[in-house]
Number of protein chains: 2
Amino acid sequence: MNITDVARAAGVSIATVSRAFGSPEKVTDETRAHIEAVAKKLGYIPNSSARVLRTRRSNVLGVVLPTLINPVFAECLEGIARAAHTRGYSILPITTDYQIDAEARAVNLFIASNVDGVLLVVSNPAQSAALDNLKARHIPYVLAYNAHDAHPCVSVDSEAAVAEVVSWLVGKGHRRIAMVAGHLSASDRAQRRHRGYLKAMASHDIAPCDLIEVPFMDASVEIIGRHLTREQPPSALFCSNDLLAIRSIRAAHDAGLKVPEDVSIVGFDGIELGMDLTPRLTTIVQPNREMGRVCVTLLADGLAAGTPLTQAASRTLAHTLRLGESAAPFTDPN
Amino acid sequence: MNITDVARAAGVSIATVSRAFGSPEKVTDETRAHIEAVAKKLGYIPNSSARVLRTRRSNVLGVVLPTLINPVFAECLEGIARAAHTRGYSILPITTDYQIDAEARAVNLFIASNVDGVLLVVSNPAQSAALDNLKARHIPYVLAYNAHDAHPCVSVDSEAAVAEVVSWLVGKGHRRIAMVAGHLSASDRAQRRHRGYLKAMASHDIAPCDLIEVPFMDASVEIIGRHLTREQPPSALFCSNDLLAIRSIRAAHDAGLKVPEDVSIVGFDGIELGMDLTPRLTTIVQPNREMGRVCVTLLADGLAAGTPLTQAASRTLAHTLRLGESAAPFTDPN
DNA sequence: CTGTTAGCGCTTTCAA
DNA sequence: TTGAAAGCGCTAACAG
């Protein structure tokens with residue numbers, strides 16, 4: 001079932017069939033209707049491999065994300081999918097599970113697939129074979145959540161956001177505020193947030209606590225628990241993401257501590273689920289869906305205009321501090 | 001940068017380059033190494049549109065899921081992605097947001113893309129244009145989470161699972177057990193679970209409560225709350241999925257009820273997050289990743305064997321009841 | 001407005 | 001083992 005079959009059945013040339021589908025305005029309403037009817041009866045669907053091969057355009061955007069288990073990226077992907085669909089693009093999403101070489105593999109697949117543009121969340125934009133490859137081939141790309149001078153990025157001002165939430169905690173009387181993060185080396189996001197934490201603490205003339213680094217998600221509850229039960233435990237935990245905040249709440253509970261009475265816990269990301277949790281998560285909200293939407297817009301507009309996308313296209317989106325129930329004013333346990 | 005460039009640079013014919021990539025054994029080790037070196041230097045990546053057009057094989061599996069916001073499907077997709085990668089397939093995932101016509105559109109896209117097989121979670125397998133289309137074109141497909149006689153399906157025994165958790169509640173003294181679900185019409189899963197609930201209640205000679213139907217996720221907390229504060233409120237809530245269970249916990253809290261002391265709440269799905277919540281979710285665990293893996297295996301094996309996939313290939317995977325902290329023995333409030 | 005035709009990059013006979 | 005050449009389905013000149 002191909003264009004030739006349809007042409008024969010409709011009694012027209014393949015060129016006319018092609019036009020009826022690709023540029024309907026170049027064909028009489030009558031013949032177009034006829035061809036559509038015939039095509040429908042035959043169940044004809046144009047072969048996109050052939051079309052892509054011929055036109056060198058796929059109307060596909062490649063998407064590289066760390067994981068979909070973290071709802072942040074699932075939400076972002078929903079935003080991407082919706083915006084892409086609106087603009088006539090399909091998406092080809094790949095998850096890397098935080099493996100850097102998977103980023104490069106994904107990009108190779110995208111190149112083979114003739115994607116028109118790529119949207120990525122990478123580990124380290126400063127040093128990325130995947131990005132080098134895209135740049136060398138002049139394939140338009142945008143980074144989401146990452147922030148780097150040399151690349152077009154859509155992100156929030158992490159340092160400012162962290163400063164905001166840390167200042168809020170300080171304003172509520174907290175002094176022993178510890179930060180919880182995954183491996184800092186796994187993402188520039190965690191590093192930025194950590195830097196924000198250090199700066200914020202310094203700006204309030206408070207000594208930062210040692211970073212609570214959680215190398216494996218499985219062990220996180222246990223590790224956080226150890227820090228909550230040590231001598232002079234923190235009265236507040238700033239978690240690098242909401243998933244860690246959820247686990248911190250669990251760890252507190254296991255340690256016999258009440259949240260927020262005994263320990264305040266704040267997150268970062270603003271996953272939608274956080275609003276339905278008990279206690280509601282206090283967190284920095286990033287506009288995750290919007291983030292995806294803006295990336296697609298940048299890509300699609302650049303593609304439409306034929307202008308290459310550069311770092312100048314970068315956008316910083318607004319974040320908000322969502323006050324939930326997982327953080328409260330400091331109360332002296334003594 | 002195409003096969004011709006590489007051939008020229010390597011001083012061989014394009015056929016030899018093609019073989020060096022596609023069937024290395026048909027080429028001398030020496031020439032293969034030479035071609036690989038040249039190709040690498042040139043950054044050559046074979047154009048898959050051309051390959052697919054020529055071979056009519058894409059090594060791509062289409063995947064249709066309702067949404068990735070529900071972690072059940074995100075987890076399943078992780079299983080799919082991993083298994084697909086292992087077997088040399090890429091995946092092309094599409095989310096429908098529970099819109100039936102989006103299922104059909106996705107399948108059309110898959111056909112245009114020459115996918116080798118399709119994995120779906122549909123709304124209603126009994127009546128699905130998407131499935132009809134796949135069947136008519138002899139494209140191998142498997143359903144996940146759905147269960148239907150006429151299609152190859154990978155699922156758990158929902159009715160048995162629901163019976164298990166309801167019996168557990170009854171065994172703990174609960175009698176007023178209500179079920180919470182989204183629109184029943186939106187998925188056969190919810191319908192099956194509801195049927196399981198009715199049967200289980202009947203088997204214990206307990207009158208079922210009216211179904212608490214939650215049409216929109218946004219309003220769910222409020223709606224569930226109304227049911228918890230009515231005259232003779234249920235002492236236990238069986239939720240059709242974990243996301244609803246989380247919202248039910250929220251609703252209970254808002255109504256001034258303690259979970260599980262005042263009301264027991266159980267879910268269905270076994271999302272990984274449930275284990276880290278406070279209280280830990282009591283729920284029926286489906287092997288979500290495994291589900292994805294099995295689907296891919298079925299598809300890939302069928303493709304390798306060249307045998308069409310039929311309902312005979314269906315698999316029922318084992319579920320488990322995970323006892324968390326959100327459900328406890330019934331205590332009379334008086 | 002419609003038809004003819006070349007060719008996108010690749011795989012695969014068929015011959016050498 | 002390698003090369004020459006046909007052709008997968010489609011689009012876009014170009015001609016009429």
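Here is the naming used below: chain letters follow the sequence lines, and residue numbers restart at 1 for every chain. In what follows, every heavy atom counts, from backbone to side chain, and hydrogens, waters and symmetry copies are set aside.
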Candidate nucleotides [options], ranked by approach to the side chain of [X] - the nearest:
{"X": "A:R19", "options": "C:dT2, D:dT2, D:dC10", "answer": "C:dT2"}
{"X": "B:R56", "options": "C:dT2, C:dC10, D:dG9", "answer": "D:dG9"}
{"X": "A:A15", "options": "D:dT11, D:dG9, C:dG3", "answer": "C:dG3"}
{"X": "B:V27", "options": "D:dC10, C:dG9, D:dT2", "answer": "D:dT2"}

Does [X] put a side-chain nitrogen or oxygen below 4.0 Å from OP1 or OP2 of [N]?
{"X": "A:T16", "N": "C:dC1", "answer": "no"}
{"X": "B:T28", "N": "D:dT2", "answer": "yes"}
{"X": "B:N2", "N": "C:dG9", "answer": "yes"}
{"X": "A:T55", "N": "D:dC10", "answer": "no"}

Nucleotide [N], atom [atom2] - distance to [atom1] of [X] in whole Å:
{"X": "B:I3", "N": "D:dA4", "atom1": "CD1", "atom2": "P", "answer": "13 Å"}
{"X": "B:R32", "N": "D:dT1", "atom1": "CZ", "atom2": "P", "answer": "12 Å"}
{"X": "B:H34", "N": "D:dT1", "atom1": "NE2", "atom2": "P", "answer": "18 Å"}
{"X": "A:R8", "N": "C:dT2", "atom1": "CZ", "atom2": "P", "answer": "20 Å"}
{"X": "B:L53", "N": "C:dT12", "atom1": "CG", "atom2": "C1'", "answer": "14 Å"}
{"X": "B:R57", "N": "C:dG9", "atom1": "CZ", "atom2": "C1'", "answer": "19 Å"}
{"X": "A:Y44", "N": "D:dG9", "atom1": "OH", "atom2": "P", "answer": "10 Å"}
{"X": "A:N47", "N": "D:dT11", "atom1": "CG", "atom2": "P", "answer": "9 Å"}

Got a salt bridge between A:D5 and A:R8, using NZ or NE/NH1/NH2 to carboxylate O under 4.0 Å?
->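 Looking at A:D5 and A:R8, the cut-off is met.
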Check ion pair A:E36-A:R32 (N to O, under 4.0 angstrom) |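 Salt bridge between A:E36 and A:R32, a charged N being under 4.0 Å from a carboxylate O: yes.
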Tell me which of B:S13 and A:S48 sits closer to the 5' end of DNA chain D, going by the nucleotide each one is nearest to.
->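 Its nearest nucleotide being more 5', the pick is B:S13.
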Whichever of A:I14 and A:T31 has its nearest DNA chain C nucleotide further upstream toward 5' =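 Nearer the 5' end of the strand: A:T31.
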Hey, could you give me the CG/CG distance between B:L53 and B:N114, rounded to the nearest 0.5 Å?
->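 Reported to 0.5 Å precision, the distance equals 8.0 Å.
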What is the nucleic acid contact for B:V12, judged by heavy atoms within less than 4.0 Å: base, sugar-phosphate only, or nothing?
->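 Here B:V12 touches the backbone only, sparing every base.
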Within 6.0 angstrom of A:Q127 CD, more than 12 heavy atoms from elsewhere =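 Not buried by this count: 12 neighbours or fewer within 6.0 Å.
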Answer yes if the side chains of A:N108 and A:N133 hold a donor-acceptor pair under 3.5 Å, and no otherwise.
-> yes
Distance-only donor-acceptor test (3.5 Å): side chain A:R54, base C:dG9 =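 No pair found.
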